[in-house]
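One is the number of the first residue; the rest follow in order along the sequence.
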Amino acid sequence: MDSRFCGFCRKDRGSLNPTNWNRHLQACKNKKIKTNSSFNIKQFFTTTSTKVDQSGVTSENPKILSNVVVQEKTVDQSGVTSENSLENSKVLSNVEVQEKTVDQSGVTSENSLENSKVLSNVEVQEKTVDQSGVTSENSLENSKVLSNVVVQEKTVLDFGNDPAIFSYVQDLSTEIIDHFFKLGPSQPTAHEMPNKCFKKDSLGRSFHDSWYWKKLPSGEIIRRKWMTYSKTENKLYCLHCALFGKNIKINWSREGFNNWKNGLPKVIIHETSEAHIMSSIKVAYREASFPIIQSIDEKNNLDKVLNKEIVRHLIDITLYLGRHCLPFRGHKEGWNEQLMGNFKDLVVLLTKYSPALSSYVTQLQLKGRKIHNFLSWQRQNQLIKSISMHIKDTIQKELLEARFFSVSLDTTFDVSRKEQLSVILRYINKNTVDCIVNERLVAVRETATTTGQHLFTMLEEIFNEMNLDWKNYLVGQSYDGAASMRGVYNGLQAIVKEHNPYAMYVWCYAHRLSLINVDAVSSCTEARDLFGNLEALYDFIGSSKKRVNMYSNYQKERYPNKQLRRLKRVETTRWSSHSSALETVFATFNAILDTLEYLDKDTSSDRMSSIKAKSLFDYLISERFFLTALTFRKMFDITGPLNLYLQGKNIDLLSAVSYVKSVQKKINLFRNDTQFEAIVKEKEIFVNTNVVDFDIIPLTQTRMRKKKKMPGETSSDELPNLSPINNFKINTYFTVIDIISSQIFERFNNNSNPLINDLSLFNKKRLLEITKSSNLPNDAFNGFQQVYGKFVFAEDLRREYMQFANVYLELEKTLSLPKTLHQQNNTQIKNYEFEASGTESEVEEFTDDDSLETPNSEGTIHMMYKICNEAGLKETFPALYTALSIALTLPISSVSPERTFSKLKLVKTRLRSTMSEDRLEALLMMSCECDIPIDVDTIIKRFASCSTELSKLLL
């Protein structure tokens with residue numbers, strides 16, 4: 001064959017020197033070998049093979065591939081790499097490739113990424129080692145689609161301006177584009193390279209830093225800003241095409257260019273291509289608009305600050321309306337209306353004092369829907385929801401910190417005839433200094449039925465929504481005496497106990513006391529007549545505007561410097577209705593008599609009104625009215641403070657039991673002739689003071705009925721000849737006192753409950769007695785262990801109780817300052833000794849004083865818990881601290897749900913009867929839990945998360 005022509009491509013040698021001609025022949029030979037290479041059936045199979053080089057060193061390539069196309073390379077004897085094209089791609093799942101090859105000298109070289117990468121949809125080409133021990137890399141001919149790339153050690157910042165990241169990330173995020181655009185191209189010189197020169201390829205060619213520059217036809221030399229060099233990959237990339245290009249060539253934007261033989265011509269071809277020119281124009285636009293973008297960003301940040309200031313005002317308005325149970329919207333809310341609703345009217349009011357809000361309202365009035373509207377009804381609902389969710393999150397956080405909690409709930413009809421369920425949780429707020437016990441509203445839901453099972457289902461849903469472990473840490477429950485609540489078998493408390501035996505049920509103390517009052521006012525004829533006539537008096541005067549006006553005028557005449565009062569009903573659900581109605585009659589007694597007398601003698605009145613007025617007038621000036629009313633007034637003076645005390649939140653079960661016992665003792669002291677004579681004297685004083693112009697009607701002698709003498713009887717029955725006053729004392733005064741005393745004993749009898757007996761040991765008086773005697777009952781706290789044995793053992797509690805009793809007095813003196821620091825005659829010491837050595841009889845004499853004061857927190861469970869918490873004894877006495885926490889968390893009453901219903905009547909009125917349940921619950925949360933601190937910034941973030949538009953405007 002003629003040596004002037006190539007045996008493979010038939011190219012003429014021409015003027016090529018021998019070296020270049022040999023290179024051409026070798027290249028053609030390699031192409032021929034690649035074309036004629038036989039097909040290998042092994043390519044169809046996935047194998048994990050071990051390759052051994054000539055030195056006997058084994059190199060393993062473990063691969064866990066996810067949709068990875070692997071191309072194998074083989075090496076011929078001359079050391080030139082040849083590729084076998086895979087006709088079929090091998091689809092392997094979940095691959096993390098970390099290939100290592102070992103040369104003949106035993107040196108390990110890592111392939112591809114130095115750090116582990118989780119790759120999906122990746123084409124990986126393997127590396128092998130030729131016989132000469134030189135590792136040859138084959139550039140990725142196909143695009144590497146790296147979706148969801150997780151680089152464990154390297155981040156974008158670690159790459160700097162190295163364009164190698166373009167080979168691993170297909171979809172560049174905005175952050176990556178901004179990062180490389182600000183840093184610019186990577187154009188290192190040869191002196192900056194490790195060996196003072198660029199890395200050479202297999203043919204001995206390399207990149208030249210002179211390619212960074214371009215000579216224009218005018219002779220001017222400029223820098224190629226698009227060209228960026230990767231030190232790690234030894235490749236060129238087009239920065240403009242990689243960041244902003246479309247229809248781009250893969251080798252310049254993703255894989256990189258490393259064909260150094262024809263490098264400069266290829267560079268010129270690329271920079272004159274249409275795709276590159278369009279990318280460069282986009283870069284020019286971006287560079288020209290960069291100052292404008294900064295100003296736009298500054299403007300956006302300023303707008304966000306102003307928007308946050310506006311939303312702060314709107315949050316304040318929402319809190320004000322929600323806490324005061326006021327409506328938000330009006331019937332017509334246009335800007336031209338006189339009244340636009342409370343929300344918009346308050347916004348207009350605040351514009352006088354807030355420049356930001358004033359400017360926004362002015363723009364909103366002028367532009368209307370062209371700008372964002374923070375005042376629409378949708379935004380109002382989102383503000384209400386954001387605030388209520390913040391309140392609920394705060395309650396949830398406090399509940400998780402408190403660990404133990406109890407529940408109370410109740411139901412009622414609202415104005416739209418829906419049954420509403422109110423759920424209250426009681427817990428210790430450990431974020432406060434005094435460790436206050438909170439009773440918080442957590443849910444208001446509509447319930448179709450009020451059976452025990454249905455109520456339990458709703459209660460369980462609420463607990464699950466708040467992520468509360470109620471099956472372990474719900475320690476108490478308190479409801480009223482309804483069958484669906486209190487039932488032993490199908491009641492709510494029984495169903496809860498089936499799932500959580502530690503949830504002790506406490507029948508609401510306030511409801512018990514209310515039942516006692518109801519029994520007392522119906523105990524005898526005189527009691528029924530008294531409150532029946534008070535109800536008739538209310539209906540008679542209140543049913544006519546003329547009589548109401550007359551009653552008011554007589555009050556102004558009789559009591560010129562006092563506030564006008566209105567008659568109260570007694571047949572209501574309010575617990576103090578009987579006491580309030582009776583007290584109003586005593587306070588305006590003369591005005592009532594003047595009104596009834598005028599109506600009786602008024603000739604213009606009809607006969608029915610005259611008869612009713614005469615009947616009521618005669619009853620009010622009768623002696624039996626004064627005696628009966630003064631008797632109940634005394635009883636209400638004793639039970640009234642107890643009623644108010646039981647409606648409190650920060651009380652414990654032990655103090656409630658102690659207060660009930662003291663009230664019972666006080667009432668029993670009235671059952672004697674001396675106390676009755678005192679009431680008779682009080683009646684005379686009242687009559688002489690208020691009933692001067694009228695003659696009172698005395699008590700009438702009751703006619704005694706003679707019983708018929710039966711056959712065989714020789715004498716008739718002896719009938720006691722009782723005077724009217726003694727008859728009243730026996731049949732009315734003693735009857736009322738006996739009913740109240742017996743009902744208190746029956747309804748508040750806790751002697752059979754061993755848990756209550758154990759809680760009585762936490763009283764300060766008992767603590768001092770045990771300190772003095774150093775003797776604790778052997779079965780102390782056994783009842784507590786029966787209920788809460790999961791948390792506390794009786795033996796540990798008895799030991800820690802005795803240890804705490806020995807140091808209690810010293811701790812109390814250390815943590816609480818005396819009223820005065822300097823006292824003469826050691827009065828404080830004597831009082832202290834009296835308190836420490838007081839016997840039970842002395843305490844009874846003290847409580848039997850005429851003035852019955854409401855018990856404070858001193859000497860109660862709350863005081864002991866406070867001392868343990870402030871002194872840091874939680875770790876020293878863990879069992880005692882846990883027992884005190886449970887005892888303080890136990891509920892006393894279910895009054896808090898009743899308070900919620902009072903708010904419900906103010907929020908859901910006749911004009912707001914179609915309110916949604918979510919909005920109703922949110923408004924009640926704002927109204928009932930108004931003492932919870934509000935973090936405005938947190939609410940703004942939650943409000944911004946309601947929609948994408950709000951997020952752009954506020955965040």
Side-chain angles (χ1 to χ4, degrees), residues 308-331 333 339-351 354 357 373-398 412 414-416 418 420-425 438-446 649 896-946 950 954:
K308 287 183 179 180
E309 185 66 21
I310 294 170
V311 174
R312 287 178 186 272
H313 292 304
L314 300 183
I315 291 174
D316 292 338
I317 294 174
T318 305
L319 286 172
Y320 176 82
L321 294 176
R323 289 172 176 176
H324 290 81
C325 305
L326 297 175
F328 281 68
R329 302 183 63 193
H331 182 64
E333 296 184 338
L339 297 176
M340 299 174 290
N342 292 333
F343 188 84
K344 277 194 172 181
D345 286 343
L346 287 177
V347 170
V348 174
L349 178 62
L350 289 182
T351 55
S354 173
L357 191 59
N373 189 356
F374 290 122
L375 308 182
S376 64
W377 63 270
Q378 294 95 337
R379 296 293 181 250
Q380 294 178 27
N381 290 340
Q382 290 169 352
L383 280 172
I384 294 172
K385 182 179 179 181
S386 299
I387 295 174
S388 66
M389 291 301 296
H390 173 71
I391 294 175
K392 185 174 289 188
D393 290 344
T394 304
I395 296 174
Q396 183 179 3
K397 182 179 179 181
E398 292 176 355
T412 189
D414 59 12
V415 69
S416 61
K418 294 180 179 180
Q420 298 291 345
L421 172 68
S422 173
V423 180
I424 303 292
L425 297 184
N438 289 336
E439 292 184 357
R440 300 294 190 186
L441 173 68
V442 296
V444 177
R445 304 290 171 83
E446 178 187 356
K649 297 181 180 179
S896 293
E898 303 290 347
R899 277 192 286 266
T900 304
F901 297 150
S902 298
K903 294 287 187 180
L904 176 63
K905 294 180 180 179
L906 299 176
V907 173
K908 195 171 185 179
T909 60
R910 182 177 59 86
L911 298 178
R912 307 168 71 187
S913 59
T914 58
M915 186 185 305
S916 65
E917 291 298 319
D918 294 338
R919 181 183 173 92
L920 176 63
E921 182 182 52
L923 291 176
L924 286 176
M925 293 279 291
M926 294 167 57
S927 178
C928 296
E929 309 304 334
C930 57
D931 59 326
I932 292 181
I934 299 297
D935 187 1
V936 179
D937 294 332
T938 304
I939 295 177
I940 291 176
K941 293 180 181 179
R942 187 180 293 276
F943 176 64
S945 64
C946 294
L950 290 175
L954 298 173

**Study point:** Derivation and outcome, side chain to side chain donor-acceptor pair (under 3.5 Å), residues R899 and S902
**Key:** CA-CA 5 Å; R899 277 192 286 266; S902 298; over 6 Å; no
Check your understanding: So how far is it from E309 CD to L357 CG, rounded to the nearest 0.5 Å?
Key -> 9.0 Å
Check your understanding: Would L425 and I395 satisfy side-chain contact (heavy atoms from CB on, under 4.5 Å), going step by step from the backbone distance to the final call?
Key -> CA-CA 9 Å; L425 297 184; I395 296 174; 5.9 Å; no
Check your understanding: Is the backbone of L924 close enough, under 3.5 Å, to the side chain of S927 for a donor and an acceptor to pair up by distance?
Key -> no
Exercise for review: Taking the side chain as every heavy atom from C-beta outward, state whether I934 and I391 have any pair of such atoms under 4.5 Å apart.
Suggested key: yes
**Study point:** Pairwise side-chain contact, K397 with D393, heavy-atom cut-off 4.5 Å (strictly under)
**Key:** no
Check your understanding: Is there a side-chain contact between V442 and M925, using heavy atoms and a 4.5 Å cut-off?
Key -> no
Exercise for review: I would like to know whether V423 and L421 meet side-chain contact (heavy atoms from CB on, under 4.5 Å); could you show each step before the answer?
Suggested key: CA-CA 7 Å; V423 180; L421 172 68; 4.1 Å; yes
Review point. In Å and rounded to the nearest 0.5 Å, what is the OG to CE distance from S945 to M389?
Key: 9.5 Å
Point to revise | 4.5 Å side-chain heavy-atom contact, E929 and I932 | key: yes
Check your understanding: When you measure from the side chain of E446 to the backbone N and O of K418, does any donor-acceptor pair fall under 3.5 Å?
Key -> no
Exercise for review: Hey, could you give me the CG/CD1 distance between D935 and I387, rounded to the nearest 0.5 Å?
Suggested key: 12.0 Å
Check your understanding: Among K903, K385, R445, which one satisfies salt bridge (Lys or Arg N to Asp or Glu O under 4.0 Å) with E921?
Key -> R445
Review point. Would you say the side-chain atoms of N438 pair up with the backbone N or O of R440, donor to acceptor, closer than 3.5 Å?
Key: no
Point to revise | Polar side-chain atom of E333 near backbone of G330 as donor-acceptor pair, under 3.5 Å | key: yes
Exercise for review: Drop me the distance from L314's CG to L319's CG, to the nearest 0.5 angstrom.
Suggested key: 11.0 Å
Review point. Just by distance, with hydrogens left out, do D414 and S416 show a side-chain donor and acceptor under 3.5 Å apart?
Key: yes
Review point. Can R919 be said to sit on top of F328's aromatic six-ring, NZ or CZ under 6.0 Å from centre and within 45° of the ring axis?
Key: yes
Check your understanding: Are R942 and D937 within salt-bridge range, i.e. N to O under 4.0 Å?
Key -> no
Check your understanding: If you round to the nearest 0.5 Å, how far is SG of C928 from CZ of F901?
Key -> 10.0 Å
Point to revise | Main-chain N/O of V936 paired with R312 side-chain donor or acceptor, under 3.5 Å | key: no
Point to revise | Minimum-distance pair of heavy atoms, taken over all atoms of I384 and M926 | key: CG2-SD, 4.1 Å
Review point. Does a side-chain heavy-atom distance below 4.5 Å link L911 with P327?
Key: no
**Study point:** side-chain contact (heavy atoms from CB on, under 4.5 Å) between V415 and R912, intermediate numbers included
**Key:** CA-CA 9 Å; V415 69; R912 307 168 71 187; over 6 Å; no
Check your understanding: Should I315 and F943 count as side-chain neighbours, where that means a heavy-atom distance under 4.5 Å?
Key -> no
Exercise for review: Would you sort out whether F343 and T318 count as a side-chain contact (heavy atoms from CB on, under 4.5 Å), showing the intermediate values?
Suggested key: CA-CA 8 Å; F343 188 84; T318 305; 3.6 Å; yes
Review point. Is there a donor-acceptor contact under 3.5 Å from the side chain of S354 to the main chain of L350?
Key: no
Practice item. With rounding to the nearest 0.5 Å, note down the distance linking CG in L349 to CG in N342. Key: 11.5 Å
Check your understanding: Would you find a donor on one side and an acceptor on the other, under 3.5 Å apart, between the side chain of H390 and the backbone of S386?
Key -> no
Exercise for review: Would you tell me whether K908 and S913 have side-chain atoms, one donor and one acceptor, within less than 3.5 Å of each other?
Suggested key: no
Exercise for review: With the side chain counted from C-beta on, respond yes when L383 and F374 share a heavy-atom pair under 4.5 Å apart, and no when they do not.
Suggested key: no
Review point. Any side-chain heavy atom of L904 sitting closer than 4.5 Å to one from T900?
Key: no
Practice item. Identify the heavy atoms of E917 and V444 that sit nearest to each other, and give their distance. Key: OE1-O, 4.5 Å
Review point. Are K649 and E439 ion-paired here, with the side-chain N under 4.0 Å from a carboxylate O?
Key: no
